[in-house]
Amino acid sequence: MSDKPTPLSGFPELLPEHRVVERAVIASLSRTFELHGFANIETRAVEPLERLSKGGEIDKEIYVLRRLQAEDSAGDSGLALHFDLTVPFARYVLEHAGKLEFPFRRFQIQPAWRGERPQEGRYRQFTQADIDIVGRDTLGFHHDVEVVRVMAEALAELPLPGLSIQVNNRKLIQGFYRGLGIPDVTAAIRQIDKLDKQEPGAVVALLVSEAGASEEQAWRCVEMARLRTSDTVYLREYVEGLGVEDELLATGLDELVAVVDGCAGVAGERVRVEANLRIARGLDYYTGTVLEIFLDGYERLKSIGGGGRYDALASDGRTTYPGVGVSFGVSRTVVPLLADGALAPGRKVPSLVLVALADEESRPASDAVARALRSRGIATEVAASPQKFGKQIRYAERRDIPYVWFPATDGSDGTDGGTDHQVKDIRSGDQSAADPHSWTPAEETEK
RNA sequence: GUGGGUGUAGCUCAGCUGGUAGAGCGCUGCGUUGUGGUCGCAGAUGCCGCGGGUUCGAGUCCCGUCACUCACCCCA
């Protein structure tokens, strides 16, 4: 008992019937991404620490690697586990720039690690699915629209509740703040991001104290952030009606309208793309489009995905590689939904057929049946031991194997003239004669 | 990192003001001797998280510790 391992908080491990769902999600996402020409890559789990830590809040969540033999705590290797897929990707682009074709579009589905306190939907190891498009020196704005569309399409294919992709634009925010005359625009963005958990009055106070805004300016920031709509005509009216003139603001508004309008085609009942002027994103490398994804009914999970435009995340000094991308939290979404039954578990075992075993002497006959079925792509296993058939049926039932196959007997054991092959659908109880070289399972049991 | 909650059978949990451990589900067997699911009967299973203290006696009270969990912070 004391030998029984206890769970490690924040490192979720799925049972087979749950893992099969996660794998289906990953396969579905991959299919959609590839349909749009995104190539897959996998980056190493580890990056040099100084590349990861750029002085953000996230620094203290980084797991550092250290050899056990290292003399003391100062002896870390300078290597650390990546905490997202964007930073490693930027490094990858710089490192392999000479061998890549630009604009480079890739998707990446991998674990990432963060040393924070776990909670529902927040883990220390989690799988993330990212798509990005990166250009050399320049990257057309239409790619902003494209990545959002692709992710919207990919998410629409998944068996999830409804969700919304809420889009904003850093240029719009910055231009508005600049036009308003706020001294510290960056600080103001960080504060306005807190609107969803703080009272407007509290955020106003922060804007005044942290960003040097006047009280009146602060209230206008809060007012601007209030709008959330998928109606871009109204969006334009509203923003222009705020009475702030700024070139950057106008550009940002145009871009935001373009993204929302550009996604109108894929947006449907379950996946909505809308403008939300409160979305800012904490990370400071975003320069234009920013977005976050929220699951209907699971707002408590906060965003299940996010992303945006970054014009200068990767640069080797001579060349800059602007990019735009979106990431989706696979673990963050799948694990809580499985836990509360919103996602139905899959089967525990891939086998569709269990071939019964009469006795050890007839194992070759059972194996032959299994081989015939497998040769036609039907996942099949042979019973582990020649127990009573009732037991063997229960074995199949417990593993969610829908069919049990009773091999033919040739009558050589003297019982009678022998029997035909029989296959039983244990969900319905129906049993009938069948030929292992031609029998196929009913439609609905195929994956 | 800070604060709250919880650790009892494989799982979910009960166990009163301290008196030597329980239920449901699951599991095993039998009824049913090579066709499951229902039903009935029988059975197995616990260092009561760990360490210390109080006590004649601790699952129960006290202290510590570890783990899990929730919230804050931050984010996928």
Side-chain angles (χ1 to χ4, degrees), chain A residues 1-12 15 25 29 56-62 82-87 108-131 151 155 163 190 193-194 196-198 279-283 291-295 298 300-308 325-336 339 354 356-359 362 383 385-407 409 413 415-416 419 422-432:
Chain A
M1 181 70 183
S2 62
D3 289 342
K4 184 180 177 181
T6 56
L8 246 188
S9 176
F11 294 89
L15 294 171
V25 165
L29 291 170
E57 280 288 319
I58 208 159
D59 279 13
K60 58 188 176 193
E61 300 177 350
I62 295 175
H82 60 235
F83 54 80
D84 72 1
L85 302 183
T86 306
V87 174
Q108 209 172 327
I109 303 177
Q110 276 180 246
W113 294 267
R114 288 185 194 177
E116 60 182 348
R117 279 270 191 273
Q119 253 172 74
E120 183 189 30
R122 304 174 37 183
Y123 310 103
R124 288 172 166 162
Q125 175 180 316
F126 55 95
T127 298
Q128 211 176 314
D130 277 40
I131 52 171
M151 187 56 84
L155 295 177
L163 56 89
R190 246 197 321 276
D193 200 35
K194 298 179 177 168
D196 55 339
K197 44 183 59 169
Q198 306 257 347
I279 301 294
R281 304 236 75 196
L283 298 167
L291 63 97
E292 293 192 4
I293 307 171
F294 294 90
L295 245 199
Y298 289 86
R300 65 175 189 272
L301 294 178
K302 303 297 174 194
S303 71
I304 58 163
V326 186
S327 61
F328 168 68
V330 175
S331 305
R332 177 165 223 168
T333 306
V334 168
V335 175
L354 174 76
L357 185 63
D359 46 50
S362 57
S385 60
Q387 295 174 292
K388 290 194 289 188
F389 282 170
K391 290 271 186 60
Q392 297 192 35
I393 291 170
R394 281 226 294 170
Y395 175 100
E397 189 186 20
R398 281 201 225 96
R399 287 166 178 71
D400 304 320
I401 301 173
Y403 295 96
V404 175
W405 191 286
F406 301 103
T409 60
D413 58 356
T415 45
D416 57 89
T419 63
Q422 296 272 316
V423 65
K424 181 186 185 80
D425 181 337
I426 63 173
R427 296 160 304 180
S428 64
D430 296 342
Q431 182 170 333
S432 56

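The sequence lines fix the lettering, A, B, ..., with proteins before strands; numbering per chain opens at 1.
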Side chain of [X] only, heavy atoms from C-beta on: which candidate in [options] is closest?
| X | options | answer |
| --- | --- | --- |
| Lys388(A) | rC30(B), rA67(B), rU35(B) | rC30(B) |
| Ser9(A) | rA76(B), rU35(B), rC68(B) | rC68(B) |
| Lys424(A) | rU35(B), rC27(B), rC74(B) | rU35(B) |
| Arg332(A) | rU35(B), rA76(B), rG29(B) | rA76(B) |
| Phe406(A) | rU35(B), rC27(B), rA76(B) | rU35(B) |
| Gln431(A) | rG36(B), rU35(B), rA76(B) | rU35(B) |
| Arg117(A) | rA71(B), rC74(B), rU35(B) | rA71(B) |
| Gln119(A) | rA76(B), rU28(B), rA71(B) | rA71(B) |
| Glu116(A) | rA76(B), rU2(B), rC68(B) | rA76(B) |

Whole Å only: how far is the [atom1] atom of [X] from the [atom2] atom of [N]?
| X | N | atom1 | atom2 | result |
| --- | --- | --- | --- | --- |
| Gln387(A) | rU35(B) | CD | P | 14 Å |
| Arg124(A) | rC68(B) | CZ | P | 7 Å |
| Glu120(A) | rA76(B) | CD | C1' | 14 Å |
| Tyr395(A) | rU28(B) | OH | P | 13 Å |
| Gln422(A) | rU35(B) | CD | C1' | 11 Å |
| Asp130(A) | rA76(B) | CG | P | 10 Å |
| Leu29(A) | rA76(B) | CG | C1' | 13 Å |
| Arg398(A) | rC25(B) | CZ | P | 17 Å |

Take atom [atom1] in [N] and the same atom in [M], then report the distance between them in whole Å.
| N | M | atom1 | result |
| --- | --- | --- | --- |
| rU55(B) | rG22(B) | P | 29 Å |
| rG64(B) | rG43(B) | C1' | 41 Å |
| rG19(B) | rG57(B) | C1' | 7 Å |
| rU54(B) | rC74(B) | P | 47 Å |
| rC47(B) | rC11(B) | P | 11 Å |
| rG18(B) | rG59(B) | C1' | 10 Å |
| rC48(B) | rA9(B) | P | 9 Å |
| rC66(B) | rG37(B) | P | 50 Å |

Which residues pass the side-chain contact (heavy atoms from CB on, under 4.5 Å) test with Asp84(A), not counting sequence neighbours? Thr86(A), Val87(A), Pro88(A), Arg114(A), Gln128(A), Tyr285(A)
Side-chain donor/acceptor of Arg124(A) to backbone N/O of Glu116(A), under 3.5 Å: yes
Tell me if a side-chain donor or acceptor on Arg281(A) pairs with a main-chain N or O of Glu292(A) at a distance below 3.5 Å. no
Do [X] and [Y] touch side chain to side chain, with heavy atoms closer than 4.5 Å?
| X | Y | value |
| --- | --- | --- |
| Val335(A) | Tyr123(A) | yes |
| Glu397(A) | Arg427(A) | no |
| Ile304(A) | Phe328(A) | yes |
| Thr127(A) | Val334(A) | no |
| His82(A) | Trp113(A) | yes |
| Ile426(A) | Leu354(A) | no |

Give [X] one of three labels, base, sugar-phosphate or nothing, depending on what nucleic acid heavy atoms sit under 4.0 Å from its own.
| X | result |
| --- | --- |
| Ile426(A) | base |
| Ile293(A) | nothing |
| Ser303(A) | sugar-phosphate |
| Ala129(A) | nothing |

Comparing Phe126(A) and Thr6(A) on RNA chain B - which has the more 5′ nearest nucleotide: Thr6(A)
Toward the 5' end of RNA chain B, by each residue's nearest nucleotide, Leu8(A) or Gly390(A): Gly390(A)
Tell me whether the OP1 or OP2 atom of [N] has a side-chain N or O from [X] closer than 4.0 Å.
| X | N | result |
| --- | --- | --- |
| Arg394(A) | rG26(B) | no |
| Arg399(A) | rG36(B) | no |
| Lys391(A) | rG29(B) | yes |

Side-chain donor or acceptor of Glu397(A) under 3.5 Å from a matching atom on the base of rG37(B)? no
Measure from the ring centre of Phe328(A) to the centre of the six-membered ring in the base of rA76(B), then say whether that distance is under 5.5 Å and the planes meet at under 30°. no
Identify every side-chain donor-acceptor pair in residues 385-394 of chain A under 3.5 Å, counting partners at least two apart or on other chains, and give the distances.
{"unit_1": "Gln392(A)", "atom_1": "OE1", "unit_2": "Leu357(A)", "atom_2": "N", "d": "2.9"}
{"unit_1": "Gln392(A)", "atom_1": "NE2", "unit_2": "Leu357(A)", "atom_2": "O", "d": "2.8"}
{"unit_1": "Gln392(A)", "atom_1": "NE2", "unit_2": "Gln387(A)", "atom_2": "O", "d": "2.8"}

Could you spell out the base pairing of RNA chain B as a dot-bracket line? Use Watson-Crick and G-U wobble contacts where both distances are under 3.5 Å, [ ] for crossing pairs, | for partners on a different strand. (((((((..((((.....[..)))).(((((.......))))).....(((((..]....))))))))))))....
